[in-house]
Amino acid sequence: MNVPQVISAVRRLKIEVPSWAFGNSGTRFKVFAQQGVPRDPYEKIADAAEVHRFTGAAPTVSLHIPWDKVESYSDLAAHAEGLGVRIGVINSNTFQDDDYMLGSVCHPDAAVRRKAVDHLLECVDIMDATGSADLKLWFADGTNYPGQDDLRARQDRLAEALSEVYGRLSDGQRMILEYKFFEPAFYSTDVPDWGTAYAHTLKLGEKAKVVVDTGHHAPGTNIEFIVAFLLREGKLGAFDFNSRFYADDDLMAGAADPFQLFRIMHEVNRGGGLDAGVNFMLDQCHNIEPKIPGQIRSVMNVQEATAKALLVDAEALNAAQASGDVLGANAVLMDAFNTDVRPLLAELRQEQGLDPDPMRAFAASGYAQKIAAERIGGAQAGWGA
């Protein structure tokens with residue numbers, strides 16, 4: 001085991017946290033309010049900065065527009081930098097207005113499509129103001145019934161919208177396209193899988209990449225294969241971590257299937273993804289668990305899966321694969337997965353001047369009690385704000 005090499009690689013791993021993880025969230029049945037929840041984007045970023053303060057691995061914060069709309073985005077960026085973090089990906093929202101009931105960029109009405117594209121262009125303006133490099137696009141567009149709309153025409157509309165926004169990007173900026181196989185549309189989804197996203201981004205050019213979200217696949221989908229393929233093609237732009245039992249559950253990364261997370265990070269490492277400009281982000285809403293600890297635990301889970309992936313004996317694995325030793329090859333992976341890397345990560349944190357146990361350190365910091373006492377009055381942030 002090359003401990004210095006593992007520590008060096010994990011130290012380079014940076015995990016972005018989403019602003020919306022710190023607001024109230026829930027299911028379509030109920031949103032549960034918690035004490036101390038942020039009331040504006042400035043307080044969201046303050047909470048995100050706590051995740052970085054205790055993990056040393058979360059230096060950027062994703063924004064969601066218009067949920068995080070402010071008068072001055074340059075001022076918000078300066079606020080973040082003052083807290084030791086930076087603004088990361090800008091996420092668009094073309095799914096909450098009444099106009100978008102039948103879609104946004106794929107809507108049959110040109111006026112609605114124009115509204116959606118104008119919003120995406122506004123998000124690029126926000127990228128310019130904040131220094132963000134990535135615009136993340138997820139569309140809820142689709143249909144519920146056969147014959148509801150022309151499937152091919154919707155792809156034409158999508159391509160036209162993406163092309164216009166792509167042309168607005170500056171040097172150093174990227175468009176990253178996310179897919180989801182269902183929800184909220186149930187008959188057809190306009191960007192349902194990695195193949196559709198890949199095809200559109202391939203036609204657009206080098207500034208367009210694909211986002212893989214762990215929760216956006218049908219049960220049994222081999223996500224690590226998708227990761228390996230997109231890395232091979234130079235098209236993996238971002239990876240959104242959450243965890244799921246059934247669908248897009250948005251649970252803490254690695255909570256449901258830590259072995260899957262390990263397998264994914266093995267392919268990320270093997271494909272050079274740790275040093276290929278892939279944006280790793282936690283795309284989660286914490287409904288019943290405390291917000292900040294939920295993010296801290298997720299960062300730790302990703303770090304543990306990554307460290308285990310880095311322990312895979314590549315030479316032994318290659319030899320077993322080349323000789324057709326099925327059990328031997330599987331054993332190489334299982335040996336790495338079954339290694340307890342927590343002492344190694346505790347050592348890394350101590351080297352960085354951090355507490356070796358971030359969860360314990362945050363609990364002892366008194367920050368949760370502080371914000372519960374201070375954030376009295378006003379409207380708590382949540383879906384839509």
Side-chain angles (χ1 to χ4, degrees), residues 6-22 38 41-64 68 70 73-91 126-136 172-174 176 209 211 236-242 252-254 265 268 273-284 286 291-307 345-346 348-359 361-362 365 367:
V6 173
I7 288 179
S8 175
V10 176
R11 184 184 288 115
R12 296 196 307 274
L13 177 66
K14 302 305 177 186
I15 304 165
E16 191 159 309
V17 296
S19 66
W20 55 94
F22 303 99
Y42 290 86
E43 292 182 346
K44 292 179 185 177
I45 289 175
D47 288 359
E50 290 296 294
V51 178
H52 183 52
R53 183 160 77 96
F54 288 100
T55 65
T60 53
V61 187
S62 286
L63 297 186
H64 205 296
D68 294 319
V70 293
Y73 290 100
S74 59
D75 181 69
L76 187 65
H79 170 73
E81 291 179 5
L83 293 171
V85 294
R86 303 186 314 279
I87 302 299
V89 175
I90 303 301
N91 294 261
I126 295 170
M127 293 170 65
D128 294 339
T130 60
S132 170
D134 288 337
L135 170 66
K136 183 181 290 183
Q173 293 180 335
R174 306 187 305 177
I176 48 179
K209 307 288 184 181
V211 182
L236 182 63
F239 194 96
D240 287 1
F241 294 108
N242 53 53
M252 293 186 299
M265 295 312 297
V268 166
L274 294 176
D275 299 299
V278 178
N279 179 278
F280 297 103
M281 194 199 78
L282 305 176
D283 187 3
Q284 305 166 14
H286 301 296
K291 313 293 182 179
I292 299 173
Q295 292 285 285
I296 291 175
R297 173 56 68 189
S298 291
V299 170
M300 295 172 66
N301 288 350
V302 175
Q303 287 179 316
E304 290 180 17
T306 304
L345 293 173
L348 168 61
R349 295 185 186 109
Q350 287 179 312
E351 287 182 5
Q352 295 176 307
L354 303 171
D355 192 292
D357 186 343
M359 292 289 286
F362 174 75
S365 72
Y367 184 83

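A search for salt bridge (Lys or Arg N to Asp or Glu O under 4.0 Å) contacts involving D283 returns nothing, not counting sequence neighbours.
Side-chain N/O atoms of D128 and Y73 include no donor and acceptor closer than 3.5 Å.
A heavy-atom distance below 4.5 Å is not found between the side chains of E50 and Q295. Side-chain contact between F22 and E43 is absent, with no heavy atoms from C-beta onward closer than 4.5 Å. In this structure the side chain of L345 never reaches within 4.5 angstrom of the side chain of M300, judged on heavy atoms. Between R297 and F362 the shortest side-chain heavy-atom distance does not fall below 4.5 Å. By the 4.5 Å heavy-atom criterion applied to side chains, T55 and L354 are not counted as neighbours. Inter-residue side-chain proximity for S365 and R53 is flagged as met; some heavy-atom pair is nearer than 4.5 Å. You'll find the side chain of M359 reaches within 4.5 Å of the side chain of P293, heavy atoms only. Two residues are said to be in side-chain contact when any heavy atoms from C-beta on lie closer than 4.5 Å; L83 and Y42 fail this criterion.
Taken from CD in Q352 to CD1 in I7, the straight-line distance is 9.5 Å, to the nearest 0.5 Å. Summarising the geometry, atom CE belonging to M281 is positioned 10.5 Å from atom CZ belonging to F241; distances are rounded to the nearest 0.5 Å. F54 contributes atom CZ, which lies 9.0 Å from atom CD1 of I292 (distance to the nearest 0.5 angstrom).
K209 places no side-chain N or O within donor-acceptor distance of the main-chain N or O of A238, the cut-off being under 3.5 Å. A donor-acceptor pair is defined here as one N or O able to donate and one able to accept, closer than 3.5 Å; no such pair exists between the side chain of R349 and the backbone of P358.
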Problem set entry | Steps toward side-chain contact (heavy atoms from CB on, under 4.5 Å) verdict (V268, F280) | CA-CA 11 Å; V268 166; F280 297 103; 3.7 Å; yes

Exercise. What do the steps show when you test Y367 against D47 for side-chain contact (heavy atoms from CB on, under 4.5 Å), and what is the final call?
Worked result: CA-CA 9 Å; Y367 184 83; D47 288 359; 2.6 Å; yes

For this session: Evaluate side-chain contact (heavy atoms from CB on, under 4.5 Å) for D75 paired with V70, printing each intermediate quantity in order.
Result: CA-CA 9 Å; D75 181 69; V70 293; over 6 Å; no

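Heavy-atom minimum distance, V51 versus A58: CG1-CB, 4.0 Å. Closest approach of T130 to I90, counting heavy atoms only: OG1-CD1, 4.1 Å. Between H286 and A21 the shortest heavy-atom distance is CD2-O, 3.9 Å. The nearest pair of heavy atoms linking M252 to Q284 is CA-OE1, 3.5 Å. In plain terms, the two heavy atoms of A133 and G172 that are nearest each other are CB-O, 3.6 Å. Minimum heavy-atom separation, P356 to A346: CB-CB, 3.7 Å.
Among D240, N242, N301, V299, the single residue meeting the side-chain contact (heavy atoms from CB on, under 4.5 Å) criterion with L282 is V299.
Among residue pairs with one or both ends in residues 8-18, those qualifying as side chain to side chain donor-acceptor pair (under 3.5 Å) are S8-R12, R11-E351, R12-D275, E16-T60, E16-S62, E16-N279; sequence neighbours excluded.
Contact check on K44 versus D68 returns a salt bridge, with a Lys/Arg side-chain nitrogen under 4.0 Å from an Asp/Glu carboxylate oxygen.
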